[in-house]
Colleague: 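One structure follows; several queries about it will come next.
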Amino acid sequence: MERILVSTISGREYPFEQVEEFSEDGESLEVRLAGLETAKIRPGLRLWERFADFLPFRRMDADLSLGEGNTPLLPAGDRLRACAGDVNLLLKNETQNPTWSFKDRGSLTCMFLARELGEDTVATISTGNMGHSVAAYAARAGLRAVVFLPSFAPAEKISAMAMHGAEILKVDAPDYAQMKNAILGLAGRLGLRIVSGNGPIRVEGYKLTAFEMFEQMNGQVPDYIAVPTSACGHIRGLFKGYRELHTAGLIDRLPRMIVVQVRNNSPLVTAIKQGLSRVVPFTHVHTVAEAITSGNPAGGEEILDKARRYDWLAEDVTEEEILEAQREFARAGFFLEPSTATLLPAVRKLVGAGRINPASTVVLMLTGAGLKDLGALQHQPPGRVLDTDIDRVEADLCRLLRPSGS
Ligand SMILES: *Cc1c(COP(=O)(O)O)cnc(C)c1O
């Protein structure tokens, strides 16, 4: 199997096994595998077995899996459809992964590689979800995990990684992008594989989500896929999956991606809307959506390039819109992180502006679960809790159940 890394911008080639995840100019790298034109879907119990022709790993041991994937793709239902505008709205619920975010799919492929190369440590930089996921998968694989965190990472996620036994370094820095670049620079110097949210190996795991949706939709392709975007790994993995299905002749068109960011931190959306080819850096970001705070994502130029070439959409949303959408999702049965809640107002605005045709099928990628960031709920109105006691409970209940207005 011939496998290399190539720069997504210049096309320069790099060794597959190298520890650096970006080119020396900061371009994102991706795996290129020979023979995709004739790749076939194989029989197999697991997704990565059925799509083995599309994957660059020489070993894919089932004992490294925590049972990620196989997440439901559901119709959004009337309430959320009414919020989004009248499109065929589907929800891909990635919060049902082992550590309650889509990050698990990429952590699995990182472990495939670590096992293949005989590495004993995996390191990562994270606002929380990736650190949690890598910590869990490293524990499963019997490897040491090192997690670099920014000072604003939520306590729930830190406790979780600590429980899995990760070494945690909370790094004080003026902003997250600066911290990330400094730590990534350590990788080459120390020969330590520090996986970021946008590394080529992680992206191979996110590709599997596209394959899974291809199966769930019986080979159909959605018109749009909306993705809350930060480091950019998820959106490019999803799109790479569809591109490779196209190369293999299994689909005849590509979905259009919708890049969603928060207004206070929209380095990609701002650039796409203004037709720029460089990311517009944001510093000192304040947002309730702490999982999407890369203010200057490494390799982000690839996304701008793809947005231009493939006619992607981009939208940003305000803090108020995020909190309102988090309540709307919850009232429809889905308890999500604020970063995920961004999707609903973004799609609503694009439908309202006539950028999305009402007959379209739009998939929202539900990236992370609400319980992972309880701190964010301090911005929500307090829940309705009635304090009562055993003597008054019946009367209180009767009052509660009485039809309103009577
Ligand atoms: C990581 C993350 C994102 C952003 O994904 P990227 O691959 O960094 O673009 C979105 N939502 C949640 C919940 C996340 O954990």
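Counting starts at 1 for both ligands and their atoms, following the listed order.
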Colleague: Do the charged groups of Glu204 and Lys240 touch, with an N to O distance under 4.0 Å?
Modeller: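 Yes, this pair counts.
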Colleague: Any nitrogen or oxygen of Ser230, side chain or backbone, less than 3.5 Å from one on ligand 1?
Modeller: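 Such a contact does occur with ligand 1.
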Colleague: I need the atoms of ligand 1 closer than 4.0 Å to a non-hydrogen atom of Ser339, numbered in the order shown.
Modeller: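 The atoms of ligand 1 under 4.0 Å from a heavy atom of Ser339 are 11 (N), 12 (C), 13 (C).
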Colleague: Closest non-hydrogen protein atom to atom 4 (C) of ligand 1, residue and atom name please, with distance?
Modeller: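 Checked against all protein heavy atoms, atom 4 (C) of ligand 1 sits closest to Pro228 O, 3.5 Å.
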Colleague: Applying salt bridge (Lys or Arg N to Asp or Glu O under 4.0 Å), which residue pairs with at least one partner in residues 226-236 are found, sequence neighbours left out?
Modeller: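 Passing the test, one end in residues 226-236: Arg236-Glu302.
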Colleague: Could you tell me which atoms of ligand 1, counted from 1 in the order shown, lie closer than 4.0 angstrom to a heavy atom of Gly368?
Modeller: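 Result: 13 (C).
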Colleague: Looking only at non-hydrogen atoms, which of Met130, His234, Lys103 approaches atom 2 (C) of ligand 1 most closely?
Modeller: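 The option holding the nearest heavy atom is Lys103.
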Colleague: When you check the gap from the basic side-chain N to the acidic O, do Glu321 and Lys349 get nearer than 4.0 Å?
Modeller: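 Here Glu321 pairs with Lys349 in a salt bridge, since their nearest N and O are under 4.0 Å apart.
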Colleague: Could you tell me whether Arg331 and Glu328 have a side-chain N and a carboxylate O separated by less than 4.0 Å?
Modeller: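 No, this pair does not count.
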Colleague: So with a 6.0 Å cut-off around CZ of Arg253, is the heavy-atom count from everything else above 12?
Modeller: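 Above 12, so yes.
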Colleague: Look at Lys207 together with Glu30 and state whether they make a salt bridge at an N to O cut-off of under 4.0 Å.
Modeller: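 Between Glu30 and Lys207 there is no salt bridge, as every charged N stays at least 4.0 Å from the carboxylate O atoms.
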Colleague: Number the atoms of ligand 1 from 1 as they appear, then name those within less than 4.0 Å of a heavy atom of Glu337, with their elements.
Modeller: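 Counting atoms of ligand 1 from 1, those under 4.0 Å from Glu337 are 13 (C).
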Colleague: Indicate yes or no: does an N/O atom of Ala231 lie under 3.5 Å from an N/O atom of ligand 1?
Modeller: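 By distance alone, the answer is yes.
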Colleague: Has ligand 1 got any nitrogen or oxygen that is less than 3.5 angstrom from a nitrogen or oxygen of Ile292?
Modeller: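 Min N/O separation from ligand 1 is not below 3.5 Å for Ile292.
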Colleague: Taking NZ, NE, NH1 and NH2 as the nitrogens, is one of them in Asp86 or Arg81 under 4.0 Å from a carboxylate oxygen of the other?
Modeller: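 Yes, this pair counts.
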Colleague: As an exercise, identify every atom of ligand 1 less than 4.0 angstrom from a heavy atom of Gly233.
Modeller: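 Numbered from 1, ligand 1 contributes 7 (O), 9 (O).
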Colleague: Looking only at N/O atoms, are Thr367 and ligand 1 under 3.5 Å apart anywhere?
Modeller: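 Between Thr367 and ligand 1 (N or O atoms, distance only) the closest approach is under 3.5 Å.
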Colleague: Is there a heavy atom in Ile235 that sits closer than 4.0 Å to ligand 1?
Modeller: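 Flag not set, Ile235 not near ligand 1.
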Colleague: What residue and heavy atom of the protein are closest to atom 5 (O) of ligand 1, and at what distance?
Modeller: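 Of the protein heavy atoms, Phe102 CZ, 3.4 Å lies nearest.
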Colleague: Is it true that Asp311 and Lys306 make a salt bridge, defined as a side-chain N closer than 4.0 Å to a carboxylate O?
Modeller: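 Salt bridge flag = no for Lys306 with Asp311.
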